[in-house]
Amino acid sequence: MEKRFVRITDTTLRDGSHAVSHQFTEEQVRAVVRGLDRAGVPVIEVAHGDGLGGSSQNYGFSLVPEEKLLRAAKAEMTRAKLAVLLLPGVGTVEDLKMARDAGAEVARVATHCTEADISEEHIHWAKQNGMEVVTFLMMSHMIEPKYLLEEARKMESYGADCVYVVDSAGAMLPDDVRARVSALVEGLECQVGFHAHNNLGLAIGNTLAALEEGANQVDGSTCGLGAGAGNAQTEVLAAVLDKAGYATGIDLYKLQDAAEEAVRPILPRPIIIDKDTLTVGYAGVYSSFLLHARRAAERFGVDARDILMEMGRRKAVGGQEDLILIVAQELAAERSGK
Amino acid sequence: MPQKVRVGIVGSGNIGTDLMYKIQRSEVLELAMMVGIDPNSEGLKRAARLGYETSAESYQYILNHPNPPAIVFDATSAKAHLANYKALQERGIRAIDLTPAAVGPYVCPAVNLGEHADAMNINMITCGGQATIPMVRAVSRVVPVEYAEIVATIASLSAGPGTRANIDEFTQTTARGLEVVGGAKRGKAIIILNPASPPIMMRDTIFCHTAEPYDPARMRASIDEMVQTVQTYVPGYRLRAEPIFEDRRVSIFVEVEGRGDYFPKYAGNLDIMTAAAVQAAEVTARHLLGVGERG
């Protein structure tokens, strides 16, 4: 029997941007893309962690302008497709246009899981301008599968070629993933994808669960370089999927070499599950809050875990990094009995 | 008996309806009519019930009226405003544009209303702009601002279909407003929709990078004074946390609680738009009546 093809998108150079506080250099991007492309990774995503236009005080300024990184990435590609991320409300169609002109072929458009209708103009533009469109329903753990399907249908109706269930908080258990992915697989005509975070140690397992429910596309990051405790580690994913009987088109040795030689030297610290990253998953908050919470914790003399738990209680959504500063101030004031 | 200036509302949706309740409280504005395109709209029904003249012939009704209002609030769409603003001007009717058409100058009452009190057409920018530009100005009047960035977080329920379908318009227009009216050399705007239940109050964070170090006490005084100015027309506008003062950076956190006229109180983003528009109309009305501005 022929193996079912699963398309892996490597997001080391986008989700991993969070882990390096958006300080990727052109040389690093070139080396990583070269390695991934030679290993046969079909799609490589490059952008600020919060997507095009994300360079800001709120999320962190990029060291190198995105356009420069995109052009560098494109120049190293021989067969991979270049993808970019865009969060409507943060970036605009203008940013998408810049990316397309720089060689991006896949537009990944992301909204909070209840807000799909803010993505219509961006999806339309990308489709009309010859791009493939993949959409993200971020923080998918926050709503029930039937509501998630309603939002996914909106994105499909705007023209999405694939809708992703995105576990931005790394908060889902395998059954949560199964329920959501299967609802989308049954209810949509287009493809379905899954994006994991490893905060509860389930990134690879959850990705397998998504594939068993019929997902066609999944994300990984090499060495797990991503927000929070990172993503499904691409090189592990490639090996596991091969053993599980899926075809990915990836050369395992070459991918492992790319991970060791191009990505590992970039890691600012080991991407592991520690008390803070575990709390991100346990509280169910956006993975990129991690470093912002740590910085605020240090500044205001509070525990990063308390900040993250409070962010969860307040039902913060992706992008609300500014609320961390307020929560940290309030926790500090409470502690000093003000 | 104090004299009042006759005003009209074009657009009988949520914004138009909220405007109606705010105008009712005004000492210098008298609502003459509300017009729209849907005779069965809730707004027109409410206006009729309150005894105001109504019509579903929208702009045409006002343009053909024997005694048209001196000022109209346009709460329709950019397209409708662009199609009608010239005709309004020709009839000598002033327009306060709440759409993104932006034919006239951007106006934020707390900052630059005085400059445009006599303009035939003014534009109210965006809700995020109304909530954050005063703070950027509070900083830029103390020290030059190289870069201003705002993050507006609003309740999902308070974002209508128009905003949702054109979210880029919000970010781009707000960013320009930070520059043109706020006085920042470069502006950036981010909008976040949060679906939490019960709905969250509108919150805005304003980050400014200044050209040089500044005196924190002076900066704080400027911010407090500007908050008070905005409070004259949006009583629920307040600092949400202590501002953070660093060498060349200022971070300000505000919250906007609405008046609760037609919109629920959490929808401070909608309330600050209509409140700013009415404030602008009142200043123009006083100008027309030849009465000095209060305060």
Side-chain angles (χ1 to χ4, degrees), chain A residues 50-51 53-59 61 86-97 111-122 124-125 138-139 142-143 147 151 154 158 286 296 299-300 312-330 332-333 338, chain B residues 128 132 146-157 159-175 184 186-201 203-209 239-244 246 248-255:
Chain A
D50 293 273
S55 178
S56 59
Q57 166 89 39
N58 200 33
Y59 306 128
F61 288 101
L86 178 85
L87 276 63
V90 176
T92 66
V93 164
E94 289 301 309
D95 297 308
L96 211 47
K97 186 169 184 297
T111 74
H112 183 69
C113 59
T114 53
E115 312 297 320
D117 56 1
I118 61 171
S119 64
E120 186 175 5
E121 60 180 321
H122 313 86
H124 280 168
W125 187 90
M138 299 189 291
M139 304 288 278
M142 289 180 85
I143 56 171
Y147 299 116
E151 297 297 308
K154 290 179 196 169
Y158 306 148
Y286 206 54
R299 167 178 205 150
F300 293 101
R313 269 191 288 275
R314 296 192 188 186
K315 304 255 188 293
V317 303
Q320 283 191 268
E321 271 77 348
D322 57 326
L323 187 60
I324 290 172
L325 291 170
I326 294 178
V327 166
Q329 270 197 51
E330 288 177 1
K338 265 201 273 183
Chain B
T132 60
E146 295 287 326
Y147 172 76
E149 171 185 316
I150 69 100
V151 186
T153 308
I154 63 172
S156 295
L157 282 174
T163 302
R164 289 170 175 276
N166 301 288
I167 201 141
D168 282 7
E169 209 164 57
F170 173 91
T171 54
Q172 289 161 343
T173 305
T174 305
R186 194 161 68 82
K188 178 172 178 67
I190 293 167
I191 183 168
I192 309 281
L193 306 183
N194 182 312
S197 175
I200 58 156
M201 200 80 81
R203 269 199 328 97
D204 301 276
T205 297
I206 299 99
F207 297 113
C208 291
H209 293 190
L239 294 180
R240 174 69 178 74
E242 284 301 303
I244 300 175
E246 292 158 290
R248 284 161 203 250
R249 288 192 179 181
V250 185
S251 307
I252 306 168
F253 310 92
V254 303
E255 176 174 82

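Within the 4.5 angstrom heavy-atom criterion, no atom of A:L87 approaches chain B. Looking at B:E242, the atoms closer than 4.5 Å to chain A (heavy atoms on both sides) sit in the backbone and in the side chain alike. Heavy atoms closer than 4.5 Å to chain B are found in the side chain of A:Q329, but not in its backbone. Of the atoms belonging to B:L193, heavy atoms from both backbone and side chain fall under 4.5 Å from chain A. Only the backbone of B:A189 comes within less than 4.5 Å of a heavy atom of chain A; no side-chain atom from C-beta onward does. Heavy-atom distances place no part of A:E321 under 4.5 Å from chain B, backbone and side chain included.
A:E330 has a carboxylate O that lies under 4.0 Å from a charged side-chain N of B:R240, or vice versa, which qualifies the two as a salt bridge. Remark: A:R299 engages B:E246 in a salt bridge, criterion side-chain N to carboxylate O under 4.0 Å. The pair A:E151-A:K154 meets the salt-bridge criterion, with a side-chain N (NZ, NE, NH1 or NH2) lying under 4.0 Å from an Asp/Glu carboxylate O.
Highest contact tally toward chain A, considering only B:Y147, B:F207, B:F170, B:F253, is held by B:F207 [criterion: heavy-atom pairs under 4.5 Å]. Across A:E120, A:E121, A:H122, A:K315, the residue that shares the most heavy-atom pairs under 4.5 angstrom with chain B is A:E121. When each of A:V90, A:I326, A:V93 is checked for heavy-atom pairs under 4.5 Å with chain B, A:I326 comes out on top. Heavy-atom pairs under 4.5 Å with chain A were tallied for B:N194, B:T205, B:T171; the largest tally goes to B:N194. In terms of heavy-atom pairs under 4.5 angstrom with chain B, the leader among A:L325, A:T111, A:D117, A:V317 is A:D117. Between chain B and the residues A:S119, A:S56, A:P88, the most heavy-atom pairs under 4.5 angstrom are made by A:S56.
Within 6.0 Å of the CZ atom in A:F61, the count of heavy atoms belonging to other residues, nucleotides or ligands exceeds 12.
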- Criterion side chain to side chain contact (heavy atoms under 4.5 Å, CB included) on B:S156 and A:E115, from CA distance to verdict: CA-CA 8 Å; B:S156 295; A:E115 312 297 320; 2.6 Å; yes
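With sequence neighbours excluded, no residue satisfies ring-ring contact (aromatic ring centres under 6.0 Å, His included) with A:Y158.
Between the side chains of A:Q320 and A:R314, no donor-acceptor pair of N or O atoms lies under 3.5 Å.
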